[in-house]
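Presented below is the structure to which this report refers.
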Amino acid sequence: MEQTASKERAMSSFTKRKGQTTYKVNVFFAENTTSTFEDKLLHLMANDIANRKQDISEAE
């Protein structure tokens, strides 16, 4: 049973359609990590903001 639950967690995914492109996102979080979901989310947002700033400066 534990092995099945582990496989289900590793195979968690969702799809997102943006325009004519469909993205399939696979979700995985390590069980033995010390960072929280909030930490991970803040990290993703910080990277997104940094990438957007870089895109804007390159466009100028």
Side-chain angles (χ1 to χ4, degrees):
M1 181 71 158
E2 186 175 322
Q3 185 179 11
T4 303
S6 179
K7 283 184 182 179
E8 286 176 10
R9 263 185 262 132
M11 296 179 66
S12 297
S13 66
F14 64 93
T15 57
K16 176 75 176 175
R17 186 173 178 96
K18 190 168 186 176
Q20 293 187 0
T21 305
T22 302
Y23 298 92
K24 181 176 181 183
V25 180
N26 295 316
V27 181
F28 173 79
F29 291 105
E31 292 181 15
N32 59 352
T33 186
T34 58
S35 60
T36 65
F37 179 75
E38 182 179 359
D39 294 336
K40 294 175 185 302
L41 195 56
L42 290 171
H43 178 74
L44 289 171
M45 290 189 292
N47 283 344
D48 188 49
I49 291 168
N51 288 338
R52 288 175 189 235
K53 285 182 181 178
Q54 183 179 7
D55 290 344
I56 290 170
S57 66
E58 287 177 358
E60 294 174 346

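- Hydrophobic clustering, with ILVMFWY side chains joined whenever heavy atoms are under 4.5 angstrom apart, keeps Met45 apart from Ile56.
- Counting non-hydrogen atoms of neighbouring residues, nucleotides and ligands closer than 6.0 angstrom, the CZ atom of Arg17 exceeds 12 such neighbours.
- Annotation: side chain to side chain contact (heavy atoms under 4.5 Å, CB included) contacts of Lys53 (sequence neighbours excluded): Ile49.
- Remark: Thr36 pairs with Glu38, Asp39 by the side chain to side chain contact (heavy atoms under 4.5 Å, CB included) rule, at least two apart or across chains.
- Checked against side chain to side chain contact (heavy atoms under 4.5 Å, CB included), Ser57 has no partners two or more places apart in sequence or in another chain.
- The cluster map of Ile, Leu, Val, Met, Phe, Trp and Tyr, joined by side-chain heavy atoms under 4.5 Å apart, puts Tyr23 and Val27 in different clusters.
- Follow the hydrophobic side-chain contacts under 4.5 Å out from Val25 and you never reach Leu44; the two are in separate clusters.
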